[in-house]
Amino acid sequence: MSAVSDRLPTFPWDKLEPYKKTAATHPDGIVDLSVGTPVDPVPELIQKALIDAADSPGYPTVWGTPALRDAITGWLERRLGARGLTHRHVLPVVGSKELVAWLPTQLGLGPGDRVAYPRLAYPTYEVGARLARADYEAYDDPRDLDPAGLKLLWLNSPSNPTGKVVSQRDLTDIVAWAREHGVLLFSDECYLELGWEADPVSVLHPDVNGGSYDGIVAVHSLSKRSNLAGYRAAFVAGDPAVLGPLLEIRKHGGMMTSAPTQAAVVAALGDHAHVQVQRERYAARRGALRAALLGHGFRIEHSEASLYLWATRDESCWTTVAHLADLGILVAPGDFYGEAGEQFVRVALTATDERVRAAVGRL
């Protein structure tokens, strides 16, 4: 077991524990803006779908029900503008983190193969490469990478942690670059529904991919858009030549979404009203926190989308974390996401309205 665990970095969130204890001593309690975990209720129509499917004694299938695949392809066409999708173009997964962490292994990557991801990025991209014993590197612009030995290229737009959105023009160029060099491109688009000052575009859009899904796959999650982090509900969509073998591997591994969750996803993807309600909640929290942070002397960069504000006081991120913890506010240090974040903190919008008001007051 140690041979596997020794490949991995220290779990970053453990380092926040002392600051969490400090913040918790505030007389009015902690305001936890560190982890982007939803706090608002699961919409009733989704709960009802889950309950109605609760009597599910048999094994679910890894590929999901035909109704689930219909719901996914329909949403991709309506929301993202994708065209010509069939069931072979989609695959449910057990939450997007599971997919990200185990994808290099499931693709058969190993020593000598390279995985690349943004300079500031979700740590699990690196973890996935480490688990597969593949080489890994961070980039500022993927088109500057040496394509030799590069087997997997991760995009992330809107970005976690910065909220930066890759433009349609750049996406189009990056897709063309990856195809030219035979590099498999996975685009993590889990925050695509949460554009504020930009309108994020998917690699599945025909204006980006030229009407072909060759060599590209998009990753989507219902955790944020529908408050379903506890359901572990996500899916990937794109090149059937990639998803077909992944499906077979995942069948052998028993990596299946529960039947009640599959029914809940069908309901969630078929309704846009609850997404708009949640967007309005986050927009209000974002506006309040952004104004308070700016008034407190912070500078905010990017943050045009996603569930976070990428903020700095031009000092060590840990100095900022300690300062805010003294106010009873817990945030994530930017160096969790790469050395380039060492003077930033990530402030999540995922707290109740009451807790956000408390944070605003303290700031």
For [Y], is there any backbone N or O sitting under 3.5 Å from a side-chain donor or acceptor partner on [X]?
X      : Y      : result
Arg7   : Arg133 : no
Asn156 : Asn160 : yes
Trp75  : Gly270 : no
Glu126 : Tyr136 : no
Ser187 : Glu189 : no
Arg114 : Ala148 : yes
Arg179 : Asn209 : yes
Arg69  : Arg88  : no
Asp239 : Gly215 : yes
His26  : Ala23  : no

State whether the number of non-hydrogen atoms from other residues, nucleotides or ligands found under 6.0 Å of [X] atom [atom1] is greater than 12.
X      : atom1 : answer
Asp55  : CG    : no
Arg232 : CZ    : yes
Gln276 : CD    : yes

Nearest non-hydrogen partners of [X] and [Y], listed with the distance:
X      : Y      : value
Ala132 : Pro111 : O-CD, 4.2 Å
Val219 : Ser96  : CG1-CB, 3.9 Å
Pro260 : Ala53  : CG-O, 3.5 Å
Gly195 : Pro200 : CA-CD, 3.8 Å
Ser226 : Ala268 : OG-CB, 3.9 Å
Gly328 : Arg362 : O-NH1, 3.1 Å

Straight-line distance of [X] [atom1] to [Y] [atom2], nearest 0.5 Å:
X      : Y      : atom1 : atom2 : result
Tyr117 : Asp188 : OH    : CG    : 14.5 Å
Asp113 : Asp135 : CG    : CG    : 8.0 Å
His274 : Ile46  : NE2   : CD1   : 4.0 Å
Asp32  : Thr37  : CG    : OG1   : 9.5 Å
Gln168 : His205 : CD    : NE2   : 6.5 Å
Ile72  : Gln262 : CD1   : CD    : 8.5 Å

Mind checking whether [X] and [Y] have side chains closer than 4.5 Å, heavy atoms only?
X      : Y      : answer
Met256 : Val94  : no
Val265 : Pro92  : no
Val115 : Leu103 : no
Leu155 : Leu171 : yes
Leu194 : Ser306 : no
Thr86  : Thr73  : no
Asp146 : Leu150 : no
Arg279 : Glu193 : no

Parallel, tilted or perpendicular: ring planes of His87 versus Trp63, cut at 30 and 60 degrees: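 Perpendicular, since the angle between the ring planes exceeds 60°.
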Parallel, tilted or perpendicular: rings of His296 and Phe298 (30°, 60°):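 Plane angle under 30°, so parallel.
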Candidate pair Tyr19 and Trp318, rule ring-ring contact (aromatic ring centres under 6.0 Å, His included), full reasoning: CA-CA 9 Å; Tyr19 301 92; Trp318 289 101; 5.3 Å; yes
Results of side-chain contact (heavy atoms from CB on, under 4.5 Å) for Pro123 - residues two or more places apart only: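 For Pro123, the residues satisfying side-chain contact (heavy atoms from CB on, under 4.5 Å) (neighbours in sequence not counted) are Tyr337.
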Residues Asp40, Val277; criterion side chain to side chain contact (heavy atoms under 4.5 Å, CB included); working and verdict: CA-CA 11 Å; Asp40 299 303; Val277 169; over 6 Å; no
Criterion salt bridge (Lys or Arg N to Asp or Glu O under 4.0 Å) on Asp141 and Arg119, from CA distance to verdict: CA-CA 9 Å; Asp141 186 327; Arg119 182 79 56 196; over 6 Å; no
Hey, any chance [X] and [Y] share a hydrophobic cluster, counting ILVMFWY side chains that come within less than 4.5 Å of each other, even indirectly?
X      : Y      : answer
Tyr191 : Ile300 : yes
Val93  : Leu107 : yes
Leu222 : Val217 : no
Leu99  : Tyr231 : no
Leu294 : Tyr308 : yes

Candidate pair Glu315 and Thr320, rule side-chain hydrogen bond (donor to acceptor under 3.5 Å, both in side chains), full reasoning: CA-CA 7 Å; Glu315 63 187 8; Thr320 306; 2.7 Å; yes
Could you tell me whether [X] and [Y] make a salt bridge, using a distance below 4.0 angstrom between a side-chain N and a carboxylate O?
X      : Y      : value
Lys251 : Glu248 : yes
Lys20  : Asp14  : no
Arg143 : Glu180 : no
Glu44  : Lys48  : no

Verdict with reasoning, Leu76 to Val90, per side chain to side chain contact (heavy atoms under 4.5 Å, CB included): CA-CA 10 Å; Leu76 291 168; Val90 299; 3.9 Å; yes
Derivation of the side chain to side chain contact (heavy atoms under 4.5 Å, CB included) call for Asp207 and Thr172: CA-CA 7 Å; Asp207 289 349; Thr172 303; 5.8 Å; no
Verdict with reasoning, Leu204 to His89, per side chain to side chain contact (heavy atoms under 4.5 Å, CB included): CA-CA 11 Å; Leu204 300 180; His89 291 87; over 6 Å; no
